Amino acid sequence: MAETPHIRGFKLIERIPFLIGNTLPELHRLALKHDGYYVFDGGPHQQLHVISKPDWVKFILKDAASNFQRGPVINALKPLLGDGIFITDQSPWKSRHDALKPALKEDAFEPYLNIAREEMERLMDQWISSQTVPNVERDIERCLLKILVRGVFGYTGEVHWDEIILRHKAILNAAGIARQKIDYYVRKVVGKKRLPRNVERYQDDLQYLELFANEILAHSSTQSSVFYRYIGDQSAEFQRDMVLNILFAGYDTTASALSMTIHQLGAHPEWQEACRKDQIRIEHVIQESMRLYPPVWALFRQNEEEVRYEDEVLLANTYVMIDVYSLHRQPEQWEEPLTFNPNRFSKTGTKGMAFTYLPFGQGQRMCIGKPLAMRELTELVKTLTACMSWTLNGDRHPSLRTDIILKTKKGFSLSVRKLRR
Ligand code: HEM
């Protein structure tokens, strides 16, 4: 068997995906060139194994999953996520998973979906009256944050939504782009009398989100929300961590999926008509949009113990990145992989694609919010296509930004028209 290619000379390996200027096309090019497995190699203990081969993906996420933890990229978010479901493993994880699962099960969806439709209709009215939407991603982020906070936590207050989004993003970016700096902030600097300005800002952002989480909790308890029904008897820390983990996982991901679906429907208006005729087409359109633009474009892992698979040995504590973006564009699996074609899901949906198509991850740690997210996205696209039609202003193939959650680099704009039926 051929040796795995090593691309040498990289330092600061955890930052590599964020350092390459045009990250995703570049990762895709390398994945094609090296057949889905290569190593960024900066010397001993400075390796990042980049994987987009389905058999390896299965090995990491399923067969040897208990040896692979989420590792440093997610751990860098510990100040935000505390001991929540994202960060913990084994029995602490299981207790959090079991507490959250019933709050996100299907019979809790109906009230949530009513709120989702209501918020989307409000936004759509604004879009229709202005006819041009200059920044779709920003509007959708705000709308989906409101839906999550109202729908899951029962919160009905008004807050500075944009302020929450900005501060949340600042914390995520600090984890993604400047992990080393965060370690520095958190481990070494915090506690000193005078903090450098950016550290003060980080602390301030964190405190702002914590205050918001506390307000949500205080409100949730009086409204007996779905969330409170299941989490209400847990400790204050458990509840705080849970709110911040759900905020982290729940709105920006769904916002990215919806924005890119709207983007693709704007670039291919014939599919808007297909969605109006048949609800199942909506699902295929969403699946295809998440194939080309997976909101979680990479999954990060680190193995606790040395592990061997085929001829490859991963020493303990090796960093692994599953390159979901390239996996979803792999020519062996997808016919014309760069073409937007929802029909590819029309025969069997996503059946048989467990390790080739993973917008929601796979294995034990896959997304607990998947059923809710899919129902919500379907309802929102149905609401939009029923009332308006739109065309994309600008490029069908947008440049992408690799924050923790996938976004376009410059945002995008639409021209919108009310449908008369
Ligand atoms: C389109 C929308 C969404 C996408 C694409 C998405 C994607 C993902 C992915 C890929 C993972 C696994 C990450 C990994 O393996 O490292 C994950 C985990 C998770 N997601 Fe989602 N997600 C979405 C919506 C939601 C929603 C709406 C919620 C909750 C309301 C949610 C809650 C979670 C939680 C709590 C986890 C951690 C599960 C665990 O560690 O056991 N997600 N999500």
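Remember, it's 1-based here, ligands and their atoms both numbered in the order they're listed. The structure presented is a predicted model; accordingly, all values stated were derived computationally and were not measured.
Between R365 and ligand 1, at least one N/O pair is under 3.5 Å apart. Inclusion of R301 in the set of residues having an N or O under 3.5 Å from an N or O of ligand 1 is warranted. For R70, a nitrogen or oxygen atom sits less than 3.5 Å from a nitrogen or oxygen atom of ligand 1, counting backbone and side chain alike.
With C367, P359, S289, A298 as candidates, the residue nearest to atom 42 (N) of ligand 1 on a non-hydrogen basis is C367. For the residues A373, A249, A103, G151, the heavy atom positioned nearest atom 33 (C) of ligand 1 is part of A249.
Heavy-atom proximity to V296, at under 4.0 Å, picks out these atoms of ligand 1: 7 (C), 10 (C). Counting atoms of ligand 1 from 1 in the listed order, those under 4.0 Å from a heavy atom of F86 are 18 (C), 19 (C), 34 (C), 36 (C), 37 (C). The distance from ligand 1 to the heavy atoms of I368 drops below 4.0 Å at these ligand atoms: 32 (C), 33 (C), 34 (C), 35 (C). Listed by number with element, the atoms of ligand 1 under 4.0 Å from a non-hydrogen atom of L299 are 10 (C), 13 (C), 14 (C), 15 (O), 16 (O). Counting the atoms of ligand 1 from 1 in the order shown, those under 4.0 Å from a heavy atom of T254 are 1 (C), 2 (C), 24 (C), 27 (C).
Side-chain contact of E121 with T383: a donor-acceptor pair under 3.5 Å is absent, judged by distance alone. Side chains of S52 and D323: no donor on one and acceptor on the other come within 3.5 Å.
Cation-pi check for R281 over W271 is not met; the charged atom does not lie both under 6.0 angstrom from the ring centroid and within 45 degrees of its normal. Both tests pass for R329 against the ring of Y293: distance under 6.0 Å to the centre and angle within 45° of the axis.
Look at I85 and you'll find a heavy atom under 4.0 Å from some atom of ligand 1. Residue contact annotation: V152 has no non-hydrogen atom under 4.0 Å from ligand 1.
Between H219 and F153, the distance from one ring center to the other does not fall under 6.0 angstrom. Aromatic pair F355/Y357: ring centres not closer than 6.0 Å.
Across all their heavy atoms, R301 and L61 have their closest contact at NH2-CD2, 3.6 Å.
Contacts between W93 and ligand 1 below 4.0 angstrom, taking non-hydrogen atoms only, involve the side chain exclusively.
The aromatic rings of F300 and W297 lie perpendicular to each other, with more than 60° between the two planes, well past the 30° mark.
If you check which protein heavy atom lies closest to atom 24 (C) of ligand 1, you get T253 OG1, 3.5 Å. Closest protein heavy atom to atom 38 (C) of ligand 1: M366 O, 3.9 Å. Protein heavy atom closest to atom 11 (C) of ligand 1, with residue, atom name and distance, is F360 O, 3.9 Å. The protein heavy-atom contact nearest to atom 27 (C) of ligand 1 is G250 O, 3.6 Å.
At least one side-chain heavy atom of F345 sits under 4.5 Å from a side-chain heavy atom of M353. Contact of the Y202 side chain with the I171 side chain is registered, since non-hydrogen atoms from C-beta on lie closer than 4.5 Å. Looking at F248 and H168, their side chains come closer than 4.5 Å, going by heavy atoms from C-beta outward.
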